[in-house]
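Everything on this sheet refers to the single structure shown next.
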Amino acid sequence: MIYLPTDSLDVRHNFALEYYLMTEKRLLEPVLLLWSTTPTVMLGKYQTAENELNRPFIEANHIAVVRRLSGGGTIYNDQGGCQFTLITPTQDKAIDFTSGLKLVTRALNQIGIKAQTDSRNDLVVDGRKVSGSAQYMTDGFRLHHGSLLFNANMDWMSQALKVDPVKLKAKHINSVHQRTVNLIEQQPHWTAAEFKQQLEKALLSMTNAKTSRLTLAEENRLQTIAGQHFSEAAVWQRDHRQFDHVHKRYLKGIGVIAIAFNLDSQRCFSAVKISGDFFSNINLEHFEQSLIGKAYQQGAVAPVIERQLQQAPIKGLYPEQLTALLF
């Protein structure tokens with residue numbers, strides 16, 4: 001394993017570093033990153049910003065906003081926490097959090113934090129979330145990244161994020177704050193910097209990782225990538241279409257899935273938009289286009305959805321569940 005230290009607190013730089021390692025550097029060994037950010041909200045690839053983010057609060061407090069290339073839900077983090085990234089060469093196309101969460105859990109346990117995995121993609125302490133993870137794939141590589149909350153500003157988190165009432169109701173909670181906890185409760189004498197140092201030491205010891213660094217030319221390349229793929233302006237771009245039908249559901253182990261659509265005078269799909277906090281490598285634009293012109297009938301829609309999900313699955317979702325959501 002190779003460990004690449006990064007001192008940047010700019011989330012766009014750090015996401016650009018991930019992307020560069022996945023698509024251009026393409027190292028043949030696993031890569032580990034451990035990094036922090038200024039106050040930042042990170043929107044999932046398939047989410048809609050206006051549904052998830054409190055824009056007036058975010059802008060008033062100069063919180064950075066970025067859209068990840070991975071699915072899942074929106075997270076908040078700041079210098080009171082840190083992020084981990086694991087990039088692994090693989091020919092496996094499936095999203096799988098097992099090995100990454102196992103490694104991080106072992107490291108946390110080693111430094112005296114009693115964290116464990118839950119049923120999906122989170123790490124919890126006494127049933128309360130301390131870390132959320134997400135993944136995306138490129139040809140030959142899997143990227144698993146996640147947050148770790150040590151002493152993050154929970155008040156800012158709760159005000160910056162708008163959690164879908166469908167999810168809150170399904171989880172029987174009133175707010176994201178109710179379900180989330182800082183790890184400082186486990187190690188109250190540490191600062192966030194000390195926590196990160198202890199975690200880094202444990203991870204390097206467990207993996208025997210070799211430390212490496214980028215060249216100046218590579219660092220300059222990251223600035224270009226950040227502008228191309230992780231601009232804040234792109235997060236706030238809106239789909240101005242008006243939809244007559246919106247069907248939304250929280251599915252346990254999958255997440256929130258929403259399908260908005262219009263039908264023409266012949267009862268055929270004329271517009272479709274799918275969004276949510278699910279995990280997938282799916283090209284939604286291609287998926288949505290495949291439904292345009294199809295009759296609004298289960299018999300016409302089911303084969304299309306099955307074919308699309310065979311090509312790019314949504315983690316945990318069966319085609320018939322998505323078909324049922326439409327009707």
Side-chain angles (χ1 to χ4, degrees), residues 3-18 31-43 57-58 61-66 68 72-86 100-101 103-118 121-134 144-161 175-207 209 211 213 230:
Y3 176 61
L4 284 172
T6 176
D7 298 325
S8 175
L9 296 175
D10 181 349
V11 67
R12 295 178 187 85
H13 170 279
N14 296 330
F15 277 169
L17 173 58
E18 292 180 343
V31 178
L32 168 67
L33 308 174
L34 199 60
W35 48 279
S36 298
T37 71
T38 59
T40 300
V41 288
M42 308 174 200
L43 191 71
F57 180 84
I58 288 168
N61 291 281
H62 308 289
I63 298 172
V65 180
V66 67
R68 303 190 307 271
T74 306
I75 62 171
Y76 168 89
N77 213 340
D78 54 33
Q79 288 166 262
C82 65
Q83 304 290 126
F84 65 87
T85 303
L86 294 161
L101 288 181
L103 175 64
V104 174
T105 302
R106 283 177 54 211
L108 289 171
N109 292 166
Q110 191 174 107
I111 63 175
I113 292 173
K114 300 183 179 72
Q116 60 188 49
T117 58
D118 74 355
N121 65 304
D122 298 334
L123 295 179
V124 299
V125 171
D126 297 327
R128 296 176 71 190
K129 181 176 176 179
V130 296
S131 172
S133 289
H144 176 171
H145 51 193
S147 63
L148 288 163
L149 303 173
F150 185 78
N151 193 20
N153 190 329
M154 293 294 194
D155 289 334
W156 275 29
M157 176 189 291
S158 61
Q159 292 186 74
L161 306 185
S175 69
V176 66
H177 201 162
Q178 181 182 338
R179 186 175 171 259
T180 309
V181 66
N182 270 316
L183 287 171
I184 196 170
E185 294 188 8
Q186 296 270 308
Q187 293 287 5
H189 302 297
W190 287 354
T191 65
E194 288 170 331
F195 162 69
K196 185 180 174 185
Q197 290 167 1
Q198 292 289 337
L199 180 63
E200 177 186 67
K201 183 178 178 181
L203 286 167
L204 294 183
S205 174
M206 289 166 51
T207 60
T211 300
R213 292 187 180 274
F230 302 105

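Just so it is clear, the model here is predicted, and its values are computed rather than measured.
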Inset, instruction - Just do the side chain to side chain contact (heavy atoms under 4.5 Å, CB included) check on Leu123 and Thr117 with the steps written out, would you? - result: CA-CA 4 Å; Leu123 295 179; Thr117 58; 3.6 Å; yes

Tell me the closest heavy-atom pair linking [X] and [Y], and the distance in Å.
X	Y	result
Arg68	His145	CD-NE2, 3.8 Å
Asn14	Ser8	ND2-O, 3.1 Å
Val11	Ala64	CG1-CB, 4.5 Å
Gln186	Val125	NE2-CG1, 3.3 Å
Phe195	Trp190	CA-CE3, 3.8 Å
Ser133	Phe84	OG-CZ, 3.7 Å

Inset, instruction - Just jot down the side chain to side chain donor-acceptor pair (under 3.5 Å) partners of Ser131, sequence neighbours excluded, or say none. - result: none

Inset, instruction - Under the side chain to side chain donor-acceptor pair (under 3.5 Å) rule, collect the residues that match up with Asn153, sequence neighbours excluded. - result: none

Without swapping roles, check the side chain of [X] against the backbone of [Y] for a donor-acceptor pair under 3.5 Å.
X	Y	result
Gln83	Gly146	yes
Ser205	Lys201	no
Asn61	Ile63	no

Quick one: pull up [atom1] in [X] and [atom2] in [Y] and give me the separation to the nearest 0.5 Å.
X	Y	atom1	atom2	result
Met42	Asn77	CE	CG	5.5 Å
Ile111	Glu200	CD1	CD	11.5 Å
Thr191	His189	OG1	NE2	13.0 Å
Lys114	Thr105	NZ	OG1	14.5 Å
Arg128	Asp118	CZ	CG	14.5 Å
Leu183	Phe150	CG	CZ	7.0 Å

Inset, instruction - Only pairs at least two apart or in different chains count here, so list each salt bridge (charged side-chain N to carboxylate O under 4.0 Å, His left out) that has a residue in residues 6-18. - result: Arg12-Glu232

Which residues pass the side chain to side chain contact (heavy atoms under 4.5 Å, CB included) test with [X], not counting sequence neighbours?
X	value
Ser36	Leu9, Cys82, Lys196
Ala209	Met1, Tyr3, Leu204, Thr207
Ala107	Leu199, Ala202, Leu203, Met206

Inset, instruction - Could you tell me how the ring of Trp35 sits relative to the ring of Phe15: parallel (under 30°), tilted (30 to 60°) or perpendicular (over 60°)? - result: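 Because their plane-to-plane angle is over 60°, the rings of Trp35 and Phe15 count as perpendicular.
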
For residues [X] and [Y], determine if any side-chain heavy atom of one lies less than 4.5 Å from a side-chain heavy atom of the other.
X	Y	answer
Val41	Ile58	yes
Leu32	Leu86	yes
Leu148	Leu108	yes
His144	Leu101	yes
Val181	Lys129	no

Legend entry - Asn109, CG atom: more than 12 neighbouring heavy atoms under 6.0 Å: yes

Inset, instruction - I would like to know whether Thr38 and His62 meet side chain to side chain contact (heavy atoms under 4.5 Å, CB included); could you show each step before the answer? - result: CA-CA 10 Å; Thr38 59; His62 308 289; over 6 Å; no

Legend entry - Pair His13 and Phe230, ring centroids less than 6.0 Å apart: no

